[in-house]
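Worksheet for the structure shown next.
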Amino acid sequence: MDAPTSPILDIRNLSIELPRGADRKYAVENVSLSINRGEILCVVGESGSGKSVMTSAIMNDVPGRLKVASGEVLFDGMDMLTLPEKKLCEIRGARISMIYQEPMAALNPAMTIGKQVDEVFALHRPEIAAGDRRAETLKLLEQMKLPTPPRIYDSYPHQVSGGQCQRIVIAMALACKPDVLIADEPTTALDVTTQAEILRLINDLKEVYDNATIFITHDFGVVADVADRVAVMCWGKVIEEGPKEEVLMHPKEPYTQLLVDAMPLLETTRAPDVTRNDPPVVKVSGLHKVYSSGKKQVHALKDAEFVLRSGETLGVVGESGSGKSTLAKTLIRLEEPTDGAVIIKDEDFLGLSGEQLVKARKNIQMIFQDPYGSLNPSQTVGYMVSRGLQLQGVSDSEARQRSIELLEQVGLGEPAMRRQPRHFSGGQRQRIGIARALTMEPDVVIADESVSALDLSVQKQVLRLMNDLQAKYKMAIIFITHDLRVAAQISDYITVMEKGVMVEFGPAEQVFNAPKHDYTKRLLAAAPGRDWHPPRLTAEEAARIAASIERA
């Protein structure tokens, strides 16, 4: 019988205090976790749960406004929290490395990729002679399965794709063969196929390097694909920990049950009435957008066509650069299309100008991806929600009353009218964006990645809200997303876009269960947690658990 191995990293009774006046005393409270070589520990939880603060303590890099109140972080028998700076510099990047969420922010835009990886070798592996570093770097880039490593070596970050940048950041983290690898949401911003490649790479590399990996995420689909063990954090505490199968399939804690239940599955929930022959709300035909740069022309959108009736939702899916956002911008005329037609309620929307266009714009509204960036931080919610109505000639009193009604329908109410965006959470700000779009009672709403930045539980609430409001107002929704599971939950029809072309279109159930195009098949095969089918809560059970957590 093999003797039990001691963990490479052991966090004991760690507590980190928040500044005075915060919503709770501790960012991290009495956390104890350990991890062994060859193991991937996924740390999950919503924004503010303490995941990132806890991992900052592993590197002894806790933000200055926070204070370590108690505990130890034992790495190879040394307490990271008490080591002198010189010793920490020897360990950081060499024996404990980090993969950051945003690769472009982690790379120096003024240095070539090769020089940046070389720098890691120069700092932490002096045994490698300067003349040998290029060969070592090329070997590492090849191991990351990057195409043409010599070209990548001489490229700047902006000259490679987002997925390739993330592989480069992983290469830099692994350059010194670290004992512990910390991955902080490394796939959140990536397309589904790139995400699948990165997850597969991280899984493969733990066998090659025999290191311990701490993978921070809020996506249980990712957990299902890569985790050996799972730790769930809530309000700074680890409330549940165990093997992946146990936590995902038999969660014990109410909070974990809600998180698992909030994870959208790759299963359709809506079916359109394909026999409808009433007039469409929006009809798009031959929509085309060409960008010109000198003699070069880029066809960002090619001959897009679809029909959508009242109360129907079209999910638009595809990877970055597929033309999804170009479709949205040309539909609403944030950018003028090169050719084609957009008919809204029998009116040629692209042929309008001047006052006619201003009046017609109320019929097509947009909910943006970043609710904070799309709301003026210096204005009150009441002003922003009612302003569109006032511009359309509605009296101040009527505009105010209509705004209050909509804010109540999205779960905020009249008190929100007097407050500014900074006083709201991300989910609440998205609700404000929805209310603002609906004040005009539009026939068509375009939602561009409107839930991608939200925690799963908030995402579920916003999707349910949009479904409820659509049933009430009967508007057609064009829902743009790179998340196939989200699209499955809200769409009647799905169109799949690749390189500006709608390569597949049909009822959601048909596209998800019997895809015809090879690109659609690749996207579906890459979806994280595709084969995961956890137990689901009824609406009554979920409401009861949520109420009990709120009381606690």
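In this text, all values refer to a predicted model and were calculated from it rather than measured experimentally.
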| query | Can you check side chain to side chain contact (heavy atoms under 4.5 Å, CB included) on I434 and V462, steps first, answer last? | reply | CA-CA 9 Å; I434 293 170; V462 172; 3.8 Å; yes
| said: Contact between L537 and L258 at the side-chain level, heavy atoms closer than 4.5 Å - yes or no? | reply: yes
| task | Answer yes or no: is there a donor N or O on one side and an acceptor on the other, between the side chain of T330 and the main chain of E335, under 3.5 Å? | result | no
| Sidechain-backbone polar pair: S548 side chain, I545 backbone, donor-acceptor under 3.5 Å | yes
| N363 and P442, any side-chain heavy atoms less than 4.5 Å apart | no
| said: Using a 6.0 Å cut-off, check whether atom CD of E253 has over 12 heavy atoms from anything other than its own residue. | reply: yes
| said: So which atom in T338 and which in V290 form the shortest heavy-atom distance, rounded to 0.1 Å? | reply: OG1-N, 2.8 Å
| task | Walk me through it: do V226 and C42 pass the test side chain to side chain contact (heavy atoms under 4.5 Å, CB included)? | result | CA-CA 8 Å; V226 303; C42 277; 3.9 Å; yes
| note | Shortest non-hydrogen pair, M384 vs Q379, comes out as CG-OE1, 3.4 Å
| Worked check of salt bridge (Lys or Arg N to Asp or Glu O under 4.0 Å) between K474 and E312 | CA-CA 8 Å; K474 304 299 180 187; E312 292 182 336; over 6 Å; no
| In terms of side-chain heavy atoms, does H533 have a donor or acceptor partner in E267 at a distance below 3.5 Å? | yes
| Okay, side chain of H517, backbone of Y519: is any donor-acceptor separation there less than 3.5 Å? | yes
| message | Under a plain distance cut-off of 3.5 Å, with no hydrogens placed, do Y473 and Q409 share a side-chain donor-acceptor pair? | response | yes
| query | Side-chain contact, heavy-atom cut-off 4.5 Å: Q470 with D468? | reply | no
| Does a side-chain N-to-carboxylate-O contact under 4.0 Å join K460 and D261? | yes
| query | Do I182 and I99 have side chains that get closer than 4.5 Å, going by heavy atoms? | reply | no
| task | Could you check I364 against F349 for side chain to side chain contact (heavy atoms under 4.5 Å, CB included), going step by step and ending with a plain yes or no? | result | CA-CA 10 Å; I364 181 166; F349 186 64; 3.6 Å; yes
| K252 backbone acceptor or donor facing E240 side chain under 3.5 Å | yes
| H482-E449 side chain donor-acceptor pair, cut-off 3.5 Å | yes
| query | Nearest 0.5 Å, what's the CG-CD distance between D443 and Q365? | reply | 10.5 Å
| Under 3.5 Å, side chain of T380 to main-chain N/O of R418, donor-acceptor pair present? | no
| query | Any donor-acceptor pair under 3.5 Å linking the side chain of R530 with the backbone of A525? | reply | no
| Inter-residue atom distance K289.NZ - K302.NZ, 0.5 Å rounding | 15.5 Å
| query | Do you know which two heavy atoms are closest between P157 and N108, and how far apart they sit? | reply | CG-O, 3.5 Å
| field | Side-chain donor/acceptor of R402 to backbone N/O of M440, under 3.5 Å | value | no
| Passes side chain to side chain contact (heavy atoms under 4.5 Å, CB included), E498 versus R522? Steps please. | CA-CA 12 Å; E498 181 188 26; R522 289 201 304 274; 3.8 Å; yes
| task | Mind running salt bridge (Lys or Arg N to Asp or Glu O under 4.0 Å) on K51 and E46 for me, showing each step along the way? | result | CA-CA 9 Å; K51 308 185 300 294; E46 297 177 295; over 6 Å; no
| Side-chain contact, heavy-atom cut-off 4.5 Å: Y26 with L18? | no
| Going from CD on E185 to OG on S52, what distance comes out if it is rounded to the nearest 0.5 angstrom? | 7.0 Å
| field | F505 and Y493 aromatic ring geometry - parallel, tilted or perpendicular at 30°/60° bounds | value | parallel
| message | Side chains of D483 and T481 only: does a donor on one sit below 3.5 Å from an acceptor on the other? | response | no
| Considering all heavy atoms of both residues, which atom of A416 and which atom of L407 are nearest to each other, and what is their separation? | CB-CD1, 4.5 Å
| Under 3.5 Å: donor-acceptor pair, side chain of T538, backbone of E541 | yes
| Closest contact, heavy atoms only, P251 versus Q257 | O-NE2, 3.2 Å
| message | With rounding to the nearest 0.5 angstrom, report the CD to CG distance, E305 to L287. | response | 9.5 Å
| task | Would you confirm whether E347, through its side chain, and I344, through its main-chain N or O, come within 3.5 Å as a donor-acceptor pair? | result | no
| field | E504-T520 side chain donor-acceptor pair, cut-off 3.5 Å | value | yes
| message | Within the 4.5 Å heavy-atom criterion, are H288 and L301 side-chain neighbours or not? | response | no
| task | Please report the shortest heavy-atom distance between D492 and G311, naming the atom on each side. | result | OD2-O, 3.9 Å
| said: Testing the 3.5 Å rule here: is there a donor-acceptor pair between the side chains of Q390 and Y383? | reply: no
| query | Just how far is it from atom CE of M233 to atom CG of L259, taken to the nearest 0.5 Å? | reply | 12.5 Å
| Main-chain N/O of L375 paired to R436 side chain as donor or acceptor, under 3.5 Å | no
| message | Tell me whether K362 is salt-bridged to E441, with the criterion being a basic N under 4.0 Å from an acidic carboxylate O. | response | no
| message | Let me confirm one number: the NZ-CZ distance from K283 to F306, rounded to the nearest 0.5 Å. | response | 12.5 Å
| request: Using a 4.5 Å cut-off on heavy atoms from C-beta on, say whether the side chain of F215 contacts that of V43. | output: no
Please table the atom pairs, donor to acceptor, closer than 3.5 Å between any side-chain atom in residues 273-281 and protein atoms at least two apart or in another chain.
{"from": "D273", "atom 1": "OD1", "to": "T275", "atom 2": "N", "distance (Å)": "3.0"}
{"from": "D273", "atom 1": "OD1", "to": "T275", "atom 2": "OG1", "distance (Å)": "2.5"}
{"from": "R276", "atom 1": "NE", "to": "D278", "atom 2": "OD1", "distance (Å)": "3.0"}
{"from": "R276", "atom 1": "NH1", "to": "S310", "atom 2": "O", "distance (Å)": "3.0"}
{"from": "R276", "atom 1": "NH2", "to": "D278", "atom 2": "OD2", "distance (Å)": "2.8"}
{"from": "R276", "atom 1": "NH2", "to": "S310", "atom 2": "O", "distance (Å)": "3.2"}
{"from": "R276", "atom 1": "NH2", "to": "S310", "atom 2": "OG", "distance (Å)": "3.3"}

| Less than 4.0 Å between a side-chain N and a carboxylate O, is that true for R485 and D219? | yes
| field | S15-E29 side chain donor-acceptor pair, cut-off 3.5 Å | value | no
| query | Taking C-beta and beyond as the side chain, do T326 and Y291 meet within less than 4.5 Å on heavy atoms? | reply | yes
| said: How about CD on E336, more than 12 heavy atoms from neighbouring residues, nucleotides or ligands closer than 6.0 Å, or not? | reply: yes
